[in-house]
S.K.: 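This is the structure I have questions about; it appears just below.
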Number of protein chains: 2
Amino acid sequence: MDAMSPFELDATLHQPIRTRIAAFLIARGEATFTELKKELAITDGNLESHIKKLRASGYLSKEKKMGASKRAQTVYSLTRDGQESFENYLETLKRILAVKF
Amino acid sequence: MDAMSPFELDATLHQPIRTRIAAFLIARGEATFTELKKELAITDGNLESHIKKLRASGYLSKEKKMGASKRAQTVYSLTRDGQESFENYLETLKRILAVKF
DNA sequence: TAACTATACTCTGTTTTTCAGAGTATAGGC
DNA sequence: GCCTATACTCTGAAAAACAGAGTATAGTTA
């Protein structure tokens with residue numbers, strides 16, 4: 001989105017909880033609120049605020065899905081922009097940590 | 001220091017400015033306030049607060065050095081604990097981003 | 001079928017963090 | 001002796017992170 005220096009780390013993604021959310025969703029494709037909460041072991045309010053931040057950046061999408069049961073369940077996944085930003089974030093990380101990877 | 005889950009990212013190091021400070025110091029050994037400021041392109045106050053945070057965690061040392069000139073110059077470098085925490089941080093990152101590295 | 005429980009959130013408010021800019025001290029150059 | 005650059009520190013504002021209470025509703029049990 002905005003032009004960044006090759007060493008500037010995306011503040012939306014470079015945060016302890018959000019890096020994990022993004023990596024988890026890249027690996028798994030999608031997850032429910034509860035799955036994320038279990039994985040991260042954080043409070044509802046905290047998860048909610050990170051989801052909100054990710055959505056405000058346009059990185060996360062929320063979709064209602066009809067599963068086998070009648071109940072609609074909401075799943076979260078990365079948007080295309082979120083996936084691209086995550087890729088760029090990884091590239092920046094590699095540049096910064098070049099010595100180590 | 002404190003026991004962390006294998007996926008918890010050290011909050012002192014997993015922050016846009018501080019990750020870069022640590023990586024820069026790992027690569028270069030030491031740096032002055034001005035060198036860091038130039039590298040990061042941030043304000044004095046902002047750099048100061050990140051240095052303070054790193055020092056509060058015991059990761060950064062500040063040393064007065066007598067160089068060629070008469071003037072004593074202060075150099076910053078990672079403490080042993082800082083180096084170890086950075087190594088651990090990298091391991092955690094690799095675990096979380098396994099898919100990608 | 002009414003009460004209970006679990007899921008899936010949102011809202012509010014507090015604490016902590018991040019950041020900019022002004023302020024201070026000192027050394028070296030003109 | 002004055003000016004400028006370096007090397008910080010201090011203060012306060014703005015934003016972020018977080019916990020816990022609150023709300024809505026679907027499914028479960030008595």
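Below, read A as the first sequence line, B as the second, and so on, with proteins coming before strands; counting in each chain starts at 1. Bear in mind that the values here come from a model prediction, so they are computed numbers and not experimental data.
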S.K.: B/Leu54 has an atom CG; how far is it from atom C1' of C/dT18, in whole Å?
M.R.: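 Atom-to-atom, B/Leu54 to C/dT18, this comes out as 14 Å.
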S.K.: Both A/Pro16 and B/Ile51 contact DNA chain D. Taking the nearest nucleotide for each, which residue is further toward the 5' end?
M.R.: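 Residue closer to the 5' terminus by nearest nucleotide: B/Ile51.
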S.K.: What pairs of donor and acceptor atoms, side-chain ones from residues 33-40 of chain B against any protein atom, are under 3.5 angstrom apart with sequence neighbours left out?
M.R.:
{"unit_1": "B/Glu35", "atom_1": "OE1", "unit_2": "B/Thr32", "atom_2": "N", "d": "2.9"}
{"unit_1": "B/Lys37", "atom_1": "NZ", "unit_2": "B/Asp44", "atom_2": "OD1", "d": "2.8"}

S.K.: Expressed in angstrom and rounded to an integer, what is the separation of A/Arg55 atom CZ from C/dT10 atom C1'?
M.R.: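 Rounding to the nearest Å, CZ of A/Arg55 and C1' of C/dT10 are 13 Å apart.
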S.K.: Regarding A/Lys53, tell me which of base, sugar-phosphate or nothing describes its non-hydrogen contacts under 4.0 Å with the strands shown.
M.R.: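 Result for A/Lys53 = sugar-phosphate.
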S.K.: From C-beta outward on B/Thr34, which listed nucleotide comes closest to its side chain: C/dT7, D/dT6, C/dC9?
M.R.: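 Given the options C/dT7, D/dT6, C/dC9, the side chain of B/Thr34 is closest to D/dT6.
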S.K.: Can you list the residues that meet the salt bridge (Lys or Arg N to Asp or Glu O under 4.0 Å) rule with A/Glu30, with sequence neighbours excluded?
M.R.: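 Scan of A/Glu30 (salt bridge (Lys or Arg N to Asp or Glu O under 4.0 Å), adjacent residues dropped) gives A/Lys65.
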S.K.: Over how many whole Å does the gap from A/Glu63 atom CD to C/dA8 atom P extend?
M.R.: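 About 16 Å, once rounded to whole Å.
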S.K.: If you assign each of B/Lys52 and B/Glu35 to its closest nucleotide in DNA chain D, which residue comes earlier from the 5' end?
M.R.: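 The residue mapped nearer the 5' terminus is B/Glu35.
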S.K.: Identify, with sequence neighbours excluded, every residue that meets side chain to side chain donor-acceptor pair (under 3.5 Å) alongside B/Arg18.
M.R.: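 In terms of side chain to side chain donor-acceptor pair (under 3.5 Å), with neighbours along the sequence ignored, B/Arg18 is linked to B/His50.
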S.K.: With respect to the phosphate group of D/dT6, does any side-chain polar atom (N or O) of B/Thr32 fall under 4.0 Å of OP1 or OP2?
M.R.: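 No, because none of the side-chain N or O atoms of B/Thr32 sits under 4.0 Å from OP1 or OP2 of D/dT6.
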S.K.: I need the NE2-C1' distance between A/His14 and D/dA15, as an integer number of Å.
M.R.: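 It is 18 Å, rounded to the nearest whole Å.
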S.K.: Check the distance between C/dA25's C1' and B/Phe33's CZ and give it to me in whole angstrom.
M.R.: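 Roughly 14 Å, once rounded to whole Å.
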S.K.: Would you mind telling me which of C/dC9, D/dT9, C/dT7 lies closest to the side-chain atoms of A/Lys64?
M.R.: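 Out of C/dC9, D/dT9, C/dT7, the nucleotide with an atom closest to A/Lys64's side chain is C/dC9.
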S.K.: With heavy-atom distances below 4.5 Å as the criterion, would you say the side chains of A/Leu60 and A/Leu78 are in contact?
M.R.: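 Yes; the side chains approach each other to less than 4.5 Å.
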S.K.: Going by the rule ring pair (Phe, Tyr, Trp, His ring centres under 6.0 Å), which residues pair with A/Phe24 if we only count those two or more places apart in sequence or in a different chain?
M.R.: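 Ring pair (Phe, Tyr, Trp, His ring centres under 6.0 Å) list for A/Phe24, sorted by chain: empty.
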S.K.: Base, sugar-phosphate alone, or nothing: which one does B/Lys38 contact when heavy atoms must sit under 4.0 Å apart?
M.R.: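 The answer is nothing, as B/Lys38 stays clear of every strand by at least 4.0 Å.
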S.K.: Round to the nearest Å and state the distance from A/Leu47 atom CG to D/dA17 atom P.
M.R.: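 Going from CG in A/Leu47 over to P in D/dA17 covers 13 Å.
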S.K.: Rounded off to whole Å, could you give me the CG-to-P distance for the A/Leu40 and D/dA17 pair?
M.R.: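 Answer to the nearest Å: 14 Å.
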S.K.: Using a cut-off of strictly less than 4.0 Å, decide whether A/Arg18 has a side-chain nitrogen or oxygen near OP1 or OP2 of D/dA17.
M.R.: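 It does, given that an N or O in the side chain of A/Arg18 lies less than 4.0 Å from OP1 or OP2 of D/dA17.
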S.K.: Is B/Arg95 paired with B/Glu91 through a side-chain N to carboxylate O contact shorter than 4.0 Å?
M.R.: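 Judged by the 4.0 Å cut-off on N to carboxylate O distance, B/Glu91 and B/Arg95 do not form a salt bridge.
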S.K.: What string of B, S and - do you get for nucleotides 18-23 of chain D, 5' to 3', if B is base contact, S is sugar-phosphate-only contact and - is no contact with any protein heavy atom under 4.0 Å?
M.R.: BBB---
S.K.: For A/Ser61, what residues pass the side chain to side chain donor-acceptor pair (under 3.5 Å) criterion, not counting sequence neighbours?
M.R.: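 With neighbours one apart ignored, the set is A/Ser77.
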